[in-house]
Amino acid sequence: MSSLIGRLALVTGGGSGIGQATCRILAREGASIIVADRASKNVQKTLQSIQSDTTQNHLGLEMDVAKATSVEDALKNTLEKYAKPPSIIVNCAGITRDNFLLKLSEEDFDEVINVNLKGTFLVTKIFTNSIVQNGINNASIINIGSIVGDYGNLGQTNYSASKAGVELLTRTASKELGNLGIRVNVILPGMIRTPMIDAVPPKVQEKFKELIPMKRFGNAEEIAEVIAFLASDKSSYMNGATIKVTGGF
Ligand code: NAP
């Protein structure tokens, strides 16, 4: 029995990688999906891949999570189509701009913080206000951090700091929103085979693989299945949790 029938889910970064797999799996579980990403062609690709069941009513939105006006427009479009906000929010949009600390530009530092951390804040704040205003008292927000936000990683001061921020934003939001029936949890993926990881040099990838007890990278569906669990009432007493999905890394 599918666990998300009748639910509406927003997935940022839904045009690629983990976000795209999440759209597929939440749709499989019966949810209607708002696919949000900054490139409309990627949004359309994902929409086409989930459009098979006509009882579900999906929406594609071009949205830049780092810009409040863009997130507000996305909420407006959502309310126009569904007359309610989503009760599931997956903050999956993210970027890397890797460089060693001594060479890292201020611009690359700011961009990563703006998308990964501020973007999670803006989407959570703007959509959750609407959830509260609409009297929805069973909602789930799933943020995507990273295992490197716990341990750090060479060449990723900006990214690691942004993801550590996402983890603590999650824990704090869970304390503020729990009594409203809004659960907030964070997943820390390890190395997951997506376009983001394809950009890492093969030599570095091999080094990482050696450190993973399961001796392989994960795939996007292996994160998306955990997201689906956190979205559903099967995880109804989980709030403020950090879940590592790393193959033991
Ligand atoms: P991905 O394939 O690159 O997907 C990320 C998506 O987010 C892309 O479609 C990207 O668009 C979009 N995006 C970037 N900036 C955006 C913005 N400002 N507004 C809206 N959308 C934006 O990467 P992924 O591996 O699936 O990553 C998904 C999440 O998992 C990220 O938060 C990432 O940090 C996290 N994560 C990934 C791994 C891993 O090993 N893959 C590990 C730990 C955590 P563009 O392609 O146009 O940039």
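By the 6.0 Å contact criterion, NZ on K215 is enclosed, its count of non-hydrogen atoms from other residues, nucleotides or ligands being greater than 12. Applying the 6.0 Å contact sphere to CD of E80 captures more than 12 heavy atoms from other residues, nucleotides or ligands.
Separating the SG atom in C92 from the CD1 atom in I142 is a distance of 10.5 Å, to the nearest 0.5 Å. Between the OG atom of S70 and the CG atom of L75 there is a distance of 11.5 Å, given to the nearest 0.5 Å. The OH atom of Y82 sits 5.5 Å away from atom CD1 of I34, with the distance rounded to the nearest 0.5 Å. Atom CG of L211 is separated from atom CE of M191 by 9.5 Å, given to the nearest 0.5 angstrom. We find the NZ-CG distance between K234 and L4 to be 8.0 Å, quoted to the nearest 0.5 Å.
In this structure, S232 and E29 have side chains that are not in contact, with every pair of non-hydrogen atoms separated by 4.5 Å or more. The side-chain heavy atoms of N138 and D233, taken from C-beta on, include a pair separated by under 4.5 Å. Contact check for I182 versus N239: no side-chain heavy atoms found under the 4.5 Å cut-off. The closest side-chain heavy-atom distance from I131 to I89 is below 4.5 Å. In this structure the side chain of I50 reaches within 4.5 angstrom of the side chain of I33, judged on heavy atoms. Side-chain atoms of I141 and T128, non-hydrogen and from C-beta on, do get closer than 4.5 Å to each other. When side chains are defined from C-beta on, P189 counts as touching I144, because their heavy atoms get closer than 4.5 Å. For the pair L122 and V65, the minimum side-chain heavy-atom distance is 4.5 Å or more.
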Please walk me through it: do T124 and N91 pass side-chain hydrogen bond (donor to acceptor under 3.5 Å, both in side chains)? CA-CA 8 Å; T124 302; N91 280 307; 3.1 Å; yes
Could you go step by step and tell me if D64 and K67 meet the salt bridge (charged side-chain N to carboxylate O under 4.0 Å, His left out) rule? CA-CA 6 Å; D64 182 346; K67 294 202 174 93; 3.3 Å; yes
Test R193 against D198 for side chain to side chain contact (heavy atoms under 4.5 Å, CB included), laying out the working first. CA-CA 7 Å; R193 180 66 62 203; D198 291 345; 3.3 Å; yes
Check step by step if salt bridge (charged side-chain N to carboxylate O under 4.0 Å, His left out) holds for E206 and K209. CA-CA 5 Å; E206 282 313 309; K209 220 174 269 176; 3.6 Å; yes
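Listed by chain and number, the residues in a side-chain contact (heavy atoms from CB on, under 4.5 Å) with N137 amount to none (sequence neighbours excluded). Residues passing the side-chain hydrogen bond (donor to acceptor under 3.5 Å, both in side chains) test with N153 are Q156, sequence neighbours excluded. Qualifying side-chain contact (heavy atoms from CB on, under 4.5 Å) partners for S146, counting only residues two or more places apart in sequence or in other chains: V148, Y159, K163. With sequence neighbours excluded, the residues satisfying side-chain contact (heavy atoms from CB on, under 4.5 Å) with K81 are N57, L59. Remark: V226 engages I187, I243, V245 in a side-chain contact (heavy atoms from CB on, under 4.5 Å) (not counting sequence neighbours). Remark: E62 engages no residue in a salt bridge (Lys or Arg N to Asp or Glu O under 4.0 Å) (not counting sequence neighbours).
Grouping Ile, Leu, Val, Met, Phe, Trp and Tyr residues whose side-chain heavy atoms lie under 4.5 Å apart, directly or via other members, places F100 in a hydrophobic cluster with L154.
Counted by atom type alone, T12 and D37 present zero donor-acceptor pairs between their side chains at under 3.5 Å. For the 3.5 Å distance criterion, the side chains of N158 and N116 fail to qualify, holding no donor opposite an acceptor.
Between M196 and G94 the shortest heavy-atom distance is CE-O, 3.6 Å. Nearest approach of L61 to V43, heavy atoms of both residues: O-CG2, 3.6 Å. Of all the heavy atoms in I136 and S87, the pair that sits closest is CG2-CB, 4.1 Å. Shortest non-hydrogen contact noted between M63 and A36 is CE-CB, 3.8 Å. The two residues K84 and L8 come nearest to each other via the heavy atoms O-CD2, 3.9 Å. Minimum interatomic distance between S162 and V112 (heavy atoms only, all atoms of both residues): OG-CG1, 3.8 Å.
For residues 166-185, every residue pair satisfying the salt bridge (Lys or Arg N to Asp or Glu O under 4.0 Å) rule, not counting sequence neighbours, is listed here: E167-R171. Evaluation of the salt bridge (Lys or Arg N to Asp or Glu O under 4.0 Å) test over residues 140-152, restricted to residues two or more places apart or in two chains, returns D150-K244. For residues 175-225, every residue pair satisfying the ring-ring contact (aromatic ring centres under 6.0 Å, His included) rule, not counting sequence neighbours, is listed here: F208-F249. Applying the salt bridge (Lys or Arg N to Asp or Glu O under 4.0 Å) test to pairs two or more places apart or on separate chains, those with a residue in residues 219-229 are R24-E221, R28-E225, R216-E222.
V184 is not connected to F229 by any chain of hydrophobic side-chain contacts under 4.5 Å among Ile, Leu, Val, Met, Phe, Trp and Tyr, and they are in different clusters. In this structure, L180 is a member of the same hydrophobic cluster as V123, with clusters built from ILVMFWY side-chain heavy atoms closer than 4.5 Å. Criterion: ILVMFWY side-chain heavy atoms under 4.5 Å apart, direct or through other members. Under it, V71 and I95 are part of a common hydrophobic cluster.
Proximity of a side-chain donor or acceptor of S235 to a complementary backbone N or O of L230 within less than 3.5 Å is detected. D108 places no side-chain N or O within 3.5 Å of a backbone atom of N99 that could act as its donor or acceptor partner.
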Pairs of donor and acceptor atoms involving the side chains of residues 13-23, under 3.5 Å and at least two apart or interchain, shall be tabulated with distances.
unit_1: Q20; atom_1: NE2; unit_2: T46; atom_2: OG1; d: 3.1
unit_1: T22; atom_1: OG1; unit_2: I18; atom_2: O; d: 2.7

